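Have a look at the structure below before the remarks.
Here the structure is a predicted model, which is why all the values come from computation and not from measurement.
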Amino acid sequence: MMDRNQMALQGKISITGKLKIITGMHIGGSSDFAPIGAVDSPFIRDPFTHAPIIPGSSIKGKLRTLLAKMHCKDYLLNTVDKDDEVIARLFGASGNSFACPARLQFFDLFVTQETIDNFNAIETDTYVGEVKFENTIVRTTGVANPRQIERVPAGAVFNFKLVYNVERVKEVEQDLQTLKEAFELLENDYLGGHGSRGYGRVKLQEIALQPVAGLKLDLAAYEAMFKD
């Protein structure tokens with residue numbers, strides 16, 4: 001049974017890499033107060049640079065859900081408080097009488113400067129974005145309802161980072177193996193909306209592990225897992 005108590009911190013591991021967009025990705029932003037002629041469904045942007053971002057909550061939620069679906073013991077997906085022990089300690093869990101802090105700390109993903117420069121050099125529909133025109137068809141009448149969806153174009157690259165809290169050294173290998181499994185599931189699924197129509201295919205690249213806060217742990221073997 002999992003120990004639900006918060007444990008002493010042995011150190012941290014910084015996990016960095018690149019997330020490359022393989023097919024146009026849409027993670028929705030607010031369309032409130034949009035001017036006439038604006039895109040119906042814009043993607044979320046950094047309010048300061050106006051470049052696309054991927055919220056850390058989006059990738060955390062997707063990775064957790066994929067793992068939960070793979071490790072669910074019943075036909076129906078269980079509630080968060082009944083997640084598998086490793087999933088619970090990686091992503092956090094809580095119930096009526098317990099709280100298990102997450103070992104993984106996610107960061108928002110920001111698009112690389114190289115991506116911005118590349119897309120600035122060509123003509124795009126919006127700033128570092130493309131607009132895809134789609135129709136929904138009313139089956140009973142055959143009437144089309146057109147809409148515009150803004151997507152982060154294929155080829156865009158985001159800086160990826162998360163931090164893993166080392167609490168029990170003996171559990172590090174199992175935790176990182178589970179994280180690798182989550183990455184593989186994501187690469188064979190999608191990120192954002194409209195994935196059943198081909199949106200949001202991504203690839204994680206250049207994964208690197210670095211010790212933080214004086215952690216005395218050889219990470220070479222663990223890093224090699226992510227390069228297989």
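Residues passing the side-chain hydrogen bond (donor to acceptor under 3.5 Å, both in side chains) test with Gln105: none are found, sequence neighbours excluded. With sequence neighbours left out, Ser58 forms a side-chain hydrogen bond (donor to acceptor under 3.5 Å, both in side chains) with no residue at all. Under the rule for a side-chain hydrogen bond (donor to acceptor under 3.5 Å, both in side chains), Lys20 has no partner lying at least two apart in sequence or in another chain. Every side-chain contact (heavy atoms from CB on, under 4.5 Å) that Thr65 has, sequence neighbours left out, goes to Lys69. When the side-chain hydrogen bond (donor to acceptor under 3.5 Å, both in side chains) test is applied to Glu181, the partners found at least two apart in sequence or on another chain are His71. Applying the side-chain contact (heavy atoms from CB on, under 4.5 Å) rule to Ala208 yields the partners Thr16, Glu223; only residues at least two apart in sequence or on another chain are considered. Qualifying side-chain contact (heavy atoms from CB on, under 4.5 Å) partners for His50, counting only residues two or more places apart in sequence or in other chains: Tyr127. A search for salt bridge (Lys or Arg N to Asp or Glu O under 4.0 Å) contacts involving Arg103 returns Glu167, Glu171, Asp175, not counting sequence neighbours. With sequence neighbours left out, Phe107 forms a side-chain contact (heavy atoms from CB on, under 4.5 Å) with Lys161, Val163.
Under the salt bridge (charged side-chain N to carboxylate O under 4.0 Å, His left out) criterion, the residue pairs touching residues 186-202 are Lys62-Asp189, Glu134-Arg197, Glu187-Lys203, with sequence neighbours excluded. Note on residues 109-131: pairs passing salt bridge (charged side-chain N to carboxylate O under 4.0 Å, His left out), not counting sequence neighbours, are Glu130-Arg151. Applying the ring pair (Phe, Tyr, Trp, His ring centres under 6.0 Å) definition to pairs two or more places apart or across chains, those involving residues 137-177 are Phe160-Phe183.
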### Message
Run the side chain to side chain contact (heavy atoms under 4.5 Å, CB included) test on Val157 and Val111 for me, step by step, so that the C-alpha distance in whole Å, both residues' side-chain angles and the decisive distance to 0.1 Å come before the verdict.
### Response
CA-CA 6 Å; Val157 178; Val111 71; over 6 Å; no
### Task
Would you sort out whether Glu150 and Ser41 count as a side chain to side chain contact (heavy atoms under 4.5 Å, CB included), showing the intermediate values?
CA-CA 6 Å; Glu150 187 181 31; Ser41 183; over 6 Å; no
### Task
Could you walk me through whether Val166 and Lys12 pass side chain to side chain contact (heavy atoms under 4.5 Å, CB included), step by step?
CA-CA 5 Å; Val166 179; Lys12 290 175 177 278; 6.0 Å; no
### Message
Using side chain to side chain contact (heavy atoms under 4.5 Å, CB included), reason through Leu186 and Val202 one step at a time and then give a plain yes or no.
### Response
CA-CA 8 Å; Leu186 177 62; Val202 300; 3.9 Å; yes
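How far CD1 of Ile87 is from CG of Leu104: 11.5 Å, rounded to the nearest 0.5 Å. Interatomic distance, Leu191 CG to Ile27 CD1, rounded to the nearest 0.5 Å: 4.5 Å. Taking CE of Met25 as the reference point, atom CZ of Phe43 lies at 8.0 Å (rounded to 0.5 Å). The line from OG1 of Thr124 to CG of Asn118 is 11.5 Å long, rounded to the nearest 0.5 Å. Here the straight-line distance linking atom CD1 of Ile15 with atom CG of Leu179 works out to 5.0 Å at 0.5 Å rounding. A distance of 13.0 Å separates CG in Asn159 from CD1 in Ile53, rounded to the nearest 0.5 Å.
Between Leu67 and Met70, every side-chain heavy-atom pair lies at or beyond the 4.5 Å cut-off. Contact of the Pro52 side chain with the Ile44 side chain is not registered, since no non-hydrogen atoms from C-beta on lie closer than 4.5 Å. Residues Tyr222 and Ile13 are not in side-chain contact: their nearest non-hydrogen atoms beyond the backbone lie 4.5 Å or more apart. When side chains are defined from C-beta on, Val152 does not count as touching Val128, because their heavy atoms never get closer than 4.5 Å. The shortest side-chain heavy-atom distance between Ser57 and Phe106 does not fall under the 4.5 Å cut-off.
With hydrogens and angles left out, the side-chain atoms of Gln174 and Arg89 include a donor and acceptor closer than 3.5 Å. Gln210 and Ser14 are not linked by any side-chain donor-acceptor pair at a separation below 3.5 angstrom, with hydrogens and angles left out of the test.
Taking all atoms of both residues into account, the shortest heavy-atom contact from Ala102 to Leu90 is CB-O, 3.6 Å. When every heavy atom of Thr23 is checked against every heavy atom of Ile21, the shortest pair comes out as O-CG2, 3.0 Å. Nearest heavy-atom pair, Thr126 versus Val131, reported as atom, atom and distance to 0.1 Å: CG2-CG2, 4.0 Å.
Taking hydrophobic clusters as Ile, Leu, Val, Met, Phe, Trp and Tyr residues chained together by side-chain heavy-atom distances below 4.5 Å, Leu215 shares a cluster with Val172. Grouping the Ile, Leu, Val, Met, Phe, Trp and Tyr side chains by contacts below 4.5 angstrom, directly or via other members, places Ile207 with Leu63. Cluster membership for Leu204 and Leu176, using ILVMFWY side-chain heavy atoms within less than 4.5 angstrom, is shared. Cluster annotation: Leu217 is connected to Leu209 through the hydrophobic network of ILVMFWY side chains, with a link wherever side-chain heavy atoms come within less than 4.5 Å. Under the 4.5 Å side-chain heavy-atom criterion for grouping Ile, Leu, Val, Met, Phe, Trp and Tyr, Ile59 is not connected to Ile22 through any hydrophobic cluster.
Side-chain atoms of Lys180 come within 3.5 Å of backbone N or O of Met225 as a donor-acceptor pair. Distance alone, capped at 3.5 Å, places no donor-acceptor pair between the Asp108 side chain and the Pro55 backbone.
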